[in-house]
Amino acid sequence: MTLRTKALVIIGVTLLCMAGLTYATSRFTFMRGLEEIEERHTTQNVEQVLGAFSYLISDLEVNTADWAARDDTYAFIEDGNDEYIQSNLTDGIFITLRLNLMLFVHSSGQIVFGKAFDLENEEEMPIPQDLLGQLSGDSPLLSQAGTQNFTSGIIILKQGPVLITSQPILTSEDKGPARGTLIFARYLDSEMLNDLSQLGFFPITMRPVNNLAYPDFKEALSSLSPERPIFVKPMNTQYISGYTLLKDIYGKPALMLRVDVPRDTYRLGQLATSYYILSILGVGALVAAIAMFVVQKQVLSRFTTLIQGINHIATSGDTSARIRLGGRDELNLVAGTVNGMLAALQQSEGELREREEHYRLLADNATDVIFTMDMNLRFTYISPSIMQLTGFTADEAAVQTLEEALTPASLEIATQAFAEEAAIEDTPQRDISRMWTLELELRCKDGSVVWVEAKMTYLRDPDNQAVGILGAARDIAERKQAAQRLQLEYEHEKDLRQQLEEEMQKRIEFTRALVHELKTPITPVLAATELLLGEVKEERLMRLVQSIDRSASNLNQRIGELLDLAKGETGMLELELEPVDLVLLLQEIGSEMIPVASHNKQSLSLELPSSLPTVSADKDRLRQVVLNLLSNALKFTPAGGEITLKAKEDGANLVVEIQDTGHGISKEDQERLFQPYYRRVSDRERLSGLGLGLALAKQLVELHGGKIWMKSEKGKGSTFSFSLPLDTTSQKEG
């Protein structure tokens, strides 16, 4: 073989190897991406079918609600008149509404009218007996007395799965009380599945959970969970299937749904190669070695330094020592936390010493009455301060018996306490350092009485045998009076608190009910518009559907703001705190809002430092505050105006400012700007909204421990600012 041939062979083999390796590497990477896209696409198609399924249920709910809230239905459920049946409950109604069943159930449980209809043969058929068996007194299908509950979903009958919805029968003005329940049902048959398949453009299969004949359904059922509601599995080289579980109205698993999606993407990349896998393994090993080196250098060695510092402080007991680590990572935060704990311990030790000195001075200057008694309960000593308490001199008080010194009620208490202590003293398990406290009434020289608190213990000889009693008595007349006043104030405060809690509970229940009533009709609207956005092709209809979607989303946002505001006012709004890089967050928000400003023919500029200390905050709520303030600035700044987003460190706080060149705000409006539902008169006709944005922003900032304020002057624009406190660790690191 000539050198030329050898060179050609070597070059050819090298090129072939390089081409093969490049092909295999590219193809494997592409295959992984296609598999992920295929799984996401399948999941989206399952969600689309679920949306269509929800639309069918919503359509059934709308029809049921329309029939249930009619005056003639409200009258029919009571008198069962034939005119209503002949006018409204004909076969044509079942065909028009695509219904298989109508049931009019009186609130007493009696079925006023019921009819089942075969849509395929267009003839009446018997009402399923197993459905009637589910209409017990506590059935979720029946409206309970005095309520207006409704139910919709799936039930499983012997004839097959059924879409069913029930509504309370009310007047045309949706007023009660409910006289009964209207139930509409539609069999989930092959025709309906075909309709769902046409909506989703993919074959749909549905099986009852109690009769899963195919192994793939059983495998999917075991793989589904609340965290993984959709299971995706390739069936073969032609189809990939998505599974999900549908529950019945009782919350129990009812149906397994399978959507079969053609594997077009899989057929684009079904050849794989081991070369790229080996290269990935090699790169992985190299990366692992580098990562291990970096971890050893940047983490483990510094962690060892941290442990050594803690052990040194624990051994020496020196709380003034501090641990020092470089960097701005989590280990440095841990070191800062430990240093904060040491500072707190050091401060506590100083406070403890101050308290000890304070108590010593109090003891030296105490005015309590000190006394001693023998074992026969006769006074052997009383300090001179007794005269200030009772008017008796020390000598006069010392010769008194207990009967003379105490009122009858207090004498009985003291005698019983001395007897109990004497009994304890005779037991081997006695505590020789024990002390007992009594509240007693002393007789005064002028005939009045005074309350004292007497603390007593036994005097003991070297053998720890009791030889007398040592006590100290303190005037507690003011405390008794204060206790009585406190009890009265407590009872008053208790009544006020109960009234406040009742009012708060009423408000919470009203807010929840309001949000529920608003969320219930808007949810199917959002689902329907999402489905329509994927189906409508005509541009005019597409603009109409997009308008509906924007309006529904705007309403949903207003409902969320209303709920957040109510939670904040009742103390139920909670934050999920985490370390937040404020500069990065503001840059992200600015990038999102710059196109909006450009569309409005405005300019949005960011004046941010290169870095700021990390703050502990709820990132989503912080984003909500900044977006609200920026949106207001864009809304109230005319075309050609400028908006500036700034951030800076100010002492123990981080301050964010949004400055605009709008028309400014009057002093009268500034005083009420952060109040809920307040909007300026000039904005009420021109702009939408509930006036909750600034009030909610104020609540969120204050929940973070910060403050929000604004400065404005008519004709010179406005500046809205808020602050976030830096924690102790961040300040020390700085």
Side-chain angles (χ1 to χ4, degrees), residues 327-334 336-337 553 557 560-561 563-565 567-568 573-600 602-637 642-660 674 692-711 718-734:
R328 299 176 63 85
D329 55 11
E330 288 80 359
L331 282 177
N332 195 45
L333 290 175
V334 172
T337 302
S553 298
Q557 179 183 356
E561 290 178 350
L563 181 58
D564 283 344
L565 184 66
K567 286 182 177 179
L573 186 61
E574 297 179 353
L575 301 178
E576 296 181 3
L577 300 180
E578 61 179 338
V580 176
D581 186 339
L582 188 60
V583 174
L584 181 60
L585 177 61
L586 295 178
Q587 289 174 345
E588 292 175 355
I589 296 173
S591 299
E592 296 172 5
M593 299 302 291
I594 285 177
V596 179
S598 178
H599 177 75
N600 295 341
Q602 302 163 334
S603 65
L604 172 59
S605 58
L606 308 181
E607 295 182 8
L608 304 175
S610 59
S611 65
L612 287 171
T614 301
V615 294
S616 179
D618 188 320
K619 187 175 182 180
D620 292 336
R621 294 298 190 180
L622 199 56
R623 174 187 293 272
Q624 184 178 355
V625 172
V626 177
L627 282 174
N628 181 278
L629 297 179
L630 272 178
S631 298
N632 283 347
L634 293 171
K635 187 185 302 182
F636 295 103
T637 300
E642 298 179 358
I643 298 94
T644 306
L645 175 60
K646 302 179 180 180
K648 63 182 179 180
E649 183 176 359
D650 185 10
N653 298 285
L654 293 184
V655 177
V656 178
E657 296 181 353
I658 293 89
Q659 182 178 349
D660 64 58
F674 291 97
L692 300 179
L694 290 178
L696 183 57
K698 182 176 183 292
Q699 283 190 359
L700 293 175
V701 170
E702 291 177 349
L703 276 177
H704 282 85
K707 297 179 180 179
I708 188 168
W709 66 93
M710 60 89 63
K711 295 180 181 179
S718 305
T719 299
F720 283 81
S721 308
F722 67 89
S723 64
L724 296 174
L726 291 171
D727 56 22
T728 305
T729 302
S730 299
Q731 295 182 48
K732 289 183 178 180
E733 290 173 3

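Values reported hereafter were calculated over all heavy atoms of this structure, with side chains retained and with hydrogens, waters and symmetry mates removed.
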Please name all residues satisfying side-chain contact (heavy atoms from CB on, under 4.5 Å) with [X], sequence neighbours left out, ordered by chain then number.
| X | value |
| --- | --- |
| K711 | none |
| A617 | V580, V615, L622, H704 |
| N632 | N628, K635, F636, L694 |

Only one of T644, L645, V583 forms a side-chain contact (heavy atoms from CB on, under 4.5 Å) with L606, so which one is it?
L645
Identified side-chain contact (heavy atoms from CB on, under 4.5 Å) counterpart of I643 within the set L630, L629, N600:
L630
Non-hydrogen atoms of [X] and [Y] that approach each other most closely:
| X | Y | value |
| --- | --- | --- |
| S721 | V655 | CB-CG1, 4.5 Å |
| P579 | T614 | CB-CG2, 3.6 Å |
| L654 | P613 | CD1-O, 3.4 Å |
| E649 | L726 | OE2-CD1, 3.6 Å |
| P609 | A647 | CD-O, 3.2 Å |
| V701 | S723 | CG1-O, 3.8 Å |

I need the [X] [atom1] to [Y] [atom2] distance, nearest 0.5 Å.
| X | Y | atom1 | atom2 | answer |
| --- | --- | --- | --- | --- |
| Q659 | F720 | CD | CZ | 12.0 Å |
| D650 | L724 | CG | CG | 12.0 Å |
| L575 | L700 | CG | CG | 7.0 Å |

A side-chain contact here means heavy atoms from C-beta on lying under 4.5 Å apart; do D660 and Q602 qualify?
no
Hey, does I658 have a side-chain heavy atom less than 4.5 Å from the side chain of V656?
yes
Contact list for residues 604-620, test salt bridge (Lys or Arg N to Asp or Glu O under 4.0 Å), sequence neighbours left out
E607-K646
Qualifying salt bridge (Lys or Arg N to Asp or Glu O under 4.0 Å) pairs with a residue from residues 693-705, counting only residues at least two apart or across chains
K698-E702
Please report, to 0.1 Å, the donor-acceptor pairs under 3.5 Å made by any side chain of residues 585-593, with sequence neighbours excluded.
unit_1: E588; atom_1: OE1; unit_2: R623; atom_2: NH2; d: 3.1
unit_1: S591; atom_1: OG; unit_2: Q587; atom_2: O; d: 2.9
unit_1: E592; atom_1: OE2; unit_2: R623; atom_2: NH1; d: 3.1

Residues two or more places apart in sequence or in another chain: which of them pass salt bridge (charged side-chain N to carboxylate O under 4.0 Å, His left out) with K707?
none
